[in-house]
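Since this is a predicted model, take the numbers as computed values, not measurements. Any value given below was found using the heavy atoms of this structure, including those in side chains, with hydrogens, waters and symmetry copies removed.
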Amino acid sequence: MGILKTAARAAVASSVHGRVQRRQQQRWAHQDATAAAQPVVHAPAPVVAAAPVAPAPAPTAGTIDDQLARLAQLGQLRDTGILTDAEFEAKKAQILAL
């Protein structure tokens, strides 16, 4: 009697697993078809004008922290796509030259 119960549970579990798997595959196929049907629209990159930088005094502990903060901020702007790599490198060179 115990073997029959185990076989019945295994059959039910296999049936449920199969239904869940088919449903997931159908959902994923629908998502793929929907994504393929929608055109990809890329927004044009914003133009960022370089602001003139005034020369700063010799670096001290306070200005080194400021430089690190400005470099971190520039990195975030580059990572979000606001600055291009060339703009990032130009600004980084200006900050490090101070």
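Between the NE2 atom in H17 and the CZ atom in R22 there is a gap of 9.5 Å [rounded to 0.5 Å]. Once rounded to the nearest 0.5 Å, the distance linking NE2 of H30 with CZ of R27 reads 10.5 Å. Rounding to the nearest 0.5 Å places CZ of F88 at 6.5 Å from CG of L71. The CG atom of L74 sits 10.5 Å away from the CG atom of D79 when rounded to the nearest 0.5 Å. Atom CG of residue L83 and atom CD of residue Q73 lie 9.5 Å apart, to the nearest 0.5 angstrom. In this structure, K91 NZ and R78 CZ are separated by 15.0 Å, a value rounded to the nearest 0.5 Å.
Heavy-atom neighbours of E89 CD from other residues, nucleotides or ligands within 6.0 Å: above the threshold of 12.
Linking Ile, Leu, Val, Met, Phe, Trp and Tyr residues whenever their side-chain heavy atoms come within less than 4.5 Å places V12 and V20 in a single cluster.
Looking at S15, its side chain never comes within 3.5 Å of a backbone N or O of A11 through a donor-acceptor pair. For S14 (side chain) and A10 (main-chain N/O), no donor-acceptor pair under 3.5 Å exists by modelled atom type.
Closest of all the heavy-atom pairs between R70 and I95 is CB-CD1, 3.7 Å.
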